Number of protein chains: 2
Amino acid sequence: MSTPPPRRAPRQAEAERNDRALLQAAREVLAIDGAHATVAAIAARAGVGIGSLYRRYRTKEELFQQLSTLSLRHSAEAAERGLAAEDPWEGLSRYVTACIEFGQGSLAPVAGTIEVTDDMRALARTANKRLMALVTRAHQAGVLRPEVTPVDISLLIEQLARSPVVDQLRQQGREGLMPAATEARKRIITIALNGLRAGNGDPLPGEPPTDQLFTERWR
Amino acid sequence: MSTPPPRRAPRQAEAERNDRALLQAAREVLAIDGAHATVAAIAARAGVGIGSLYRRYRTKEELFQQLSTLSLRHSAEAAERGLAAEDPWEGLSRYVTACIEFGQGSLAPVAGTIEVTDDMRALARTANKRLMALVTRAHQAGVLRPEVTPVDISLLIEQLARSPVVDQLRQQGREGLMPAATEARKRIITIALNGLRAGNGDPLPGEPPTDQLFTERWR
DNA sequence: CCAGTTGCGGAGCGATTTACTCCGGTATAA
DNA sequence: TTATACCGGAGTAAATCGCTCCGCAACTGG
């Protein structure tokens, strides 16, 4: 009848490692399989049993929500770091690079399939506000093509956030070629970033895109 | 006992229309669902019965092989047109644009899952030879960044050949936003092409990628 | 060493989805 | 009208899905 004394969980460290592995694995599997990503594939890639996944997240949707929240938080932080940089171009290009490397783009396929929480909405607003500041500052410094809008930047990030080469080599298990693929990917990103700089090449066609393109997909 | 006179097939025109619709639908579904694309989804998007699909192609693999062959043929032809252009930059950039618009990138997920025919190998060789010529000519004219290799170009095409925004809006059936998405996509492509031009921005990092990255994936 | 507790992996479950077959019906040329 | 070539999609066995459950291993306090 006595209250048992509080005890430190025996295997808590392993649990935390597993959680991180699950989140990273989920990003990778989502990048490869898109909307058809399965919990079995995620658990397998994390080197973790299915049971452990379902102890931490009650459903597949809950896992994806957590993934989205973390991604948005990371994006907001990256934008803050970008604004902290002295050089406007450095700030913007580091923001873009950070978003790409974190695997922001893996989340595209879950848009519309999960319920958007208030947390997610607030983080998205913050990140977007900071991105606008980054773009404005770069425009004023004259280092960014004047026609480029924040939505252009977001779409460019989304476009570069998945790497067909890297994803497919991962899927085929050809780990030996991965370093070369990662290097090649960095070159592609550099090319795209160079295309954003002021003074180079053809003007951008069409009207500036509205952010409806970006928000509407999450319903 | 007389030989029956040759007759024109009653519904042959419809059959041809269906074939074209199937191929286009396959490209779209592959772009959205990747390796998990199903025959049912392809037939439905084409507005055609499953039976009609299987009358034309004995298996799913046969359909994908035909798709790959057509895509390679298109790529070789686009490179030829590029070489025919007078301006070296115009020739290269039209080749890139043509490859992207044809949906070259939809095929990435089928790499390694289908048997490569001799036809496909020959077409790939031709296309690659012409791409090398395009790149060399652009280098000699001094309009292309000197570090850029043909493999860089191929990887850039692959990177741009799928559009996260467009694909997802299609999947969600939001046809109303598609024109805006298509315009926005063109801006992204222009940005990337501008990044290829000589004289702008940072140098490309790392070693030039080997074409092992590109060939190995088809086993 | 022994209990006691906590988290582990994965076999198994019912429901769904898969590639593909088969056949009754329909559009078209003669 | 009749013959023919092609159509759509219900149906089939097999595979796969998200998720539950439980026997077992790893760790802590005595």
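Everything numeric here is computed off the predicted structure, so don't read it as measured data.
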Result of checking A/Leu83, A/Leu193, A/Val148, A/Leu134 against A/Leu92 for side chain to side chain contact (heavy atoms under 4.5 Å, CB included): A/Leu134
Return no unless some side-chain N or O of A/Asn18 is found under 4.0 Å from OP1 or OP2 of C/dG7. no
Indicate yes or no: at least one non-hydrogen side-chain atom of A/Val110 is less than 4.5 angstrom from one of A/Trp218. yes
Under-4.0 Å salt bridge between B/Glu101 and B/Lys186: no
Enclosure of A/Met178 CE (heavy-atom neighbours >12, cutoff 6.0 Å): yes
Rounded interatomic separation in angstrom, taking CD from A/Glu16 and C1' from D/dC27: 16 Å
Can any side-chain N or O of B/Arg121 pair as donor or acceptor with the backbone N or O of B/Val116 at less than 3.5 Å? yes
B/Ser52 vs D/dC6: side-chain N/O to OP1/OP2 distance below 4.0 Å: no
Crowding at CD, A/Glu61 (>12 non-hydrogen neighbours, <6.0 Å): yes
Got a sec: does the CD of A/Glu207 have more than 12 other heavy atoms crowding it under 6.0 Å? no
From CZ of A/Arg56 over to C1' of C/dG9, roughly how many Å is that when rounded to an integer? 13 Å
May I ask you to decide whether A/Glu90 forms a salt bridge with A/Arg94, counting only side-chain N to carboxylate O separations under 4.0 Å? yes
Would A/Arg217 and A/Glu158 count as a salt bridge (Lys or Arg N to Asp or Glu O under 4.0 Å) here? Give the steps. CA-CA 13 Å; A/Arg217 283 139 71 199; A/Glu158 200 176 355; 2.2 Å; yes
Nearest-Å distance, CZ (A/Arg45) to P (C/dG10)? 17 Å
The bend of the helix from C/dC1-D/dG30 to C/dA30-D/dT1, taken between the axes of its five terminal pairs at each end and rounded to 10°, is 20°
Quick check on B/Glu62: does its CD atom have over 12 non-hydrogen neighbours (other residues, nucleotides or ligands) under 6.0 Å away? yes
What one-letter contact string describes nucleotides 16-23 of chain C from 5' to 3', where B marks a base within less than 4.0 Å of any protein heavy atom, S marks contact via sugar-phosphate atoms alone, and - marks no contact? --SSBB--
Mind listing the residues from residues 20-35 of chain A sitting with a heavy atom below 4.0 Å of DNA chain C? Number order is fine. none
Say whether, by atom type as modelled, one donor and one acceptor occur between the side chain of A/Thr69 and the main chain of A/Gln65 under 3.5 angstrom. yes
